[in-house]
Amino acid sequence: MSPGLSAPSSSEIQRLSPAAFAYLGDAVYELYIRRQFLLPPKRSEDYHRQVVSHVKAESQAAHLRSLMPHLSEAEHEFVKRGRNAALNRPKRLEPEIYQLATSLEALIGYLYLTNPDRLSELLGFLDLQ
């Protein structure tokens, strides 16, 4: 958590939907990716190109697939819950890709609120080349 932000209580977290976790996870994931490509300094267009290549649904789906062997049973269950939050997908995407991307975002949002150390551990497994 950032300074000045209070963590939600466990009961507040339990009331959140998988879609709410995905909403938060989308922002956390993009911030993580942006931070990874911040150095060495480069032009804004180069930052943007690198970040977009990793935050698009296809890349998120691939990242989730790569993380699956590292997930606990409870995390696997949460991924399944996140998949069900995938509504209103863009027409250019296959449903499975959008579901996987939403599942990753939901897992990230959930771990951000409940276990940031575990989130950092999992994000460290991502291949961002």
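Nothing fancy with the numbering, it's 1 onward along the sequence.
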Cluster link [X] to [Y], ILVMFWY, side chain under 4.5 Å:
{"X": "L126", "Y": "M68", "value": "yes"}
{"X": "L64", "Y": "V51", "value": "yes"}
{"X": "Y32", "Y": "F125", "value": "yes"}
{"X": "L123", "Y": "L128", "value": "yes"}
{"X": "Y110", "Y": "Y23", "value": "no"}

State, to 0.1 Å, how close [X] and [Y] come at their nearest heavy-atom pair, and which atoms those are.
{"X": "P8", "Y": "I13", "result": "O-CD1, 3.8 Å"}
{"X": "R81", "Y": "L16", "result": "NH2-O, 4.1 Å"}
{"X": "H70", "Y": "S66", "result": "CD2-O, 3.5 Å"}
{"X": "L100", "Y": "A61", "result": "CB-CB, 3.7 Å"}
{"X": "D127", "Y": "H54", "result": "O-CE1, 4.3 Å"}
{"X": "P18", "Y": "G82", "result": "CB-CA, 4.1 Å"}

Would you give the length of the straight line joining atom [atom1] of [X] to atom [atom2] of [Y], rounded to the nearest 0.5 angstrom?
{"X": "E96", "Y": "E94", "atom1": "CD", "atom2": "CD", "answer": "8.5 Å"}
{"X": "E12", "Y": "Q14", "atom1": "CD", "atom2": "CD", "answer": "11.0 Å"}
{"X": "S10", "Y": "R15", "atom1": "OG", "atom2": "CZ", "answer": "10.0 Å"}
{"X": "Q36", "Y": "L31", "atom1": "CD", "atom2": "CG", "answer": "10.0 Å"}
{"X": "I108", "Y": "L104", "atom1": "CD1", "atom2": "CG", "answer": "4.0 Å"}
{"X": "R35", "Y": "L38", "atom1": "CZ", "atom2": "CG", "answer": "9.5 Å"}

Going through the checks in order, is the side chain to side chain contact (heavy atoms under 4.5 Å, CB included) test met by L107 and L67?
-> CA-CA 11 Å; L107 178 64; L67 290 177; 5.5 Å; no
Give a yes or no on whether H76 atom NE2 has more than 12 heavy-atom contacts from other residues, nucleotides or ligands under 6.0 Å away.
->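 Count over threshold, so yes.
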Count the heavy atoms of every other residue, nucleotide or ligand shown that sit under 6.0 Å from CD of E73, and state whether that count exceeds 12.
->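 Not buried by this count: 12 neighbours or fewer within 6.0 Å.
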Relative to each other, are the rings of F78 and F21 parallel, tilted or perpendicular (30° and 60° limits)?
->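 Aromatic pair F78/F21 classed perpendicular.
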Donor-acceptor contact below 3.5 Å, side chain S103 vs main chain Q99 =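 Yes; at least one donor-acceptor contact below 3.5 Å.
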For Q50, does its backbone N or O pair with a side-chain atom of S53 as donor and acceptor, under 3.5 Å?
->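 Here the side-chain-to-backbone pair exists.
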NZ/NE/NH1/NH2 to OD/OE distance under 4.0 Å, E30 and R34 |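 Result for this pair is yes, salt bridge flagged.
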Determine whether L93 and E58 make a side-chain contact, defined as any pair of heavy atoms from C-beta on separated by less than 4.5 Å.
->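 Counting from C-beta outward, L93 and E58 do come under 4.5 Å.
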Can you tell if the side chain of L122 reaches within under 4.5 Å of the side chain of L71, non-hydrogen atoms only?
->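 The answer is yes, as the side chains (C-beta and beyond) meet within the 4.5 Å cut-off.
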Output all residues satisfying salt bridge (charged side-chain N to carboxylate O under 4.0 Å, His left out) with K56, sequence neighbours left out; order by chain, then residue number.
->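 K56 satisfies salt bridge (charged side-chain N to carboxylate O under 4.0 Å, His left out) with no residue once adjacent residues are dropped.
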